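These figures come from a predicted structure and were not determined experimentally.
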Amino acid sequence: MFWIKFLLIAAILLIVLLLGVEFSTLNADPVTVKYVMGEASLSLSLVVVGAFAAGALVTALIGTFVVMPLRWQVVRLRQTV
């Protein structure tokens with residue numbers, strides 16, 4: 001059972017890696033990103049992946065600071081009951 005799960009996870013990771021390589025080769029054109037302090041010329045795939053990673057990080061941080069106090073409150077209320 002362990003080997004089937006391991007092979008399934010490895011296959012999924014390999015497919016995601018191949019899709020990422022395909023995405024980065026199709027979107028290699030440079031784009032200009034304007035910041036508050038200046039601008040930079042980066043590849044489109046790098047900008048999209050960076051924006052996705054930043055969004056995932058912000059979502060994880062907000063989720064942590066919102067969900068964790070609620071879970072602690074549930075634990076405290078269950079202890080009182």
Side-chain angles (χ1 to χ4, degrees):
M1 187 68 176
F2 171 75
W3 288 104
I4 294 172
K5 191 176 186 180
F6 176 76
L7 289 175
L8 184 62
I9 291 173
I12 290 172
L13 289 176
L14 182 63
I15 290 171
V16 168
L17 177 67
L18 290 175
L19 288 174
V21 169
E22 181 69 21
F23 176 77
S24 65
T25 56
L26 290 176
N27 296 310
D29 298 331
V31 294
T32 302
V33 179
K34 295 184 179 182
Y35 299 104
V36 175
M37 299 297 220
E39 61 184 39
S41 181
L42 302 168
S43 68
L44 179 61
S45 61
L46 184 64
V47 172
V48 170
V49 170
F52 178 77
L57 180 67
V58 168
T59 303
L61 287 174
I62 290 173
T64 299
F65 289 116
V66 170
V67 172
M68 290 309 290
L70 293 174
R71 287 187 181 212
W72 294 334
Q73 184 179 11
V74 167
V75 169
R76 283 192 311 263
L77 290 173
R78 283 188 179 166
Q79 288 175 352
T80 59
V81 172

Who else is in F65's hydrophobic cluster (ILVMFWY, side-chain heavy atoms under 4.5 Å, direct or via others)?
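Once heavy-atom contacts under 4.5 Å are chained together, F65 belongs with L57, L61.
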Could you list who else is in V36's hydrophobic cluster, with ILVMFWY side chains joined at under 4.5 Å, directly or through other members?
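Besides V36, the cluster holds no residue at all.
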Please list, one pair per line, the donor and acceptor atoms closer than 3.5 Å that link side chains of residues 18-34 to other protein atoms, with sequence neighbours excluded.
unit_1	atom_1	unit_2	atom_2	d
S24	OG	G20	O	3.3
S24	OG	V21	O	2.9
T25	OG1	V21	O	3.2
T25	OG1	E22	O	2.9
N27	ND2	F23	O	3.3

Residue list, side-chain contact (heavy atoms from CB on, under 4.5 Å) with [X], at least two apart or on another chain:
{"X": "I4", "value": "none"}
{"X": "I9", "value": "K5, L13"}
{"X": "R76", "value": "W72, Q73"}

Do any side-chain atoms of residues 40-55 form donor-acceptor pairs under 3.5 angstrom with protein atoms, and if so which ones, sequence neighbours left out?
unit_1	atom_1	unit_2	atom_2	d
S43	OG	L46	N	3.4

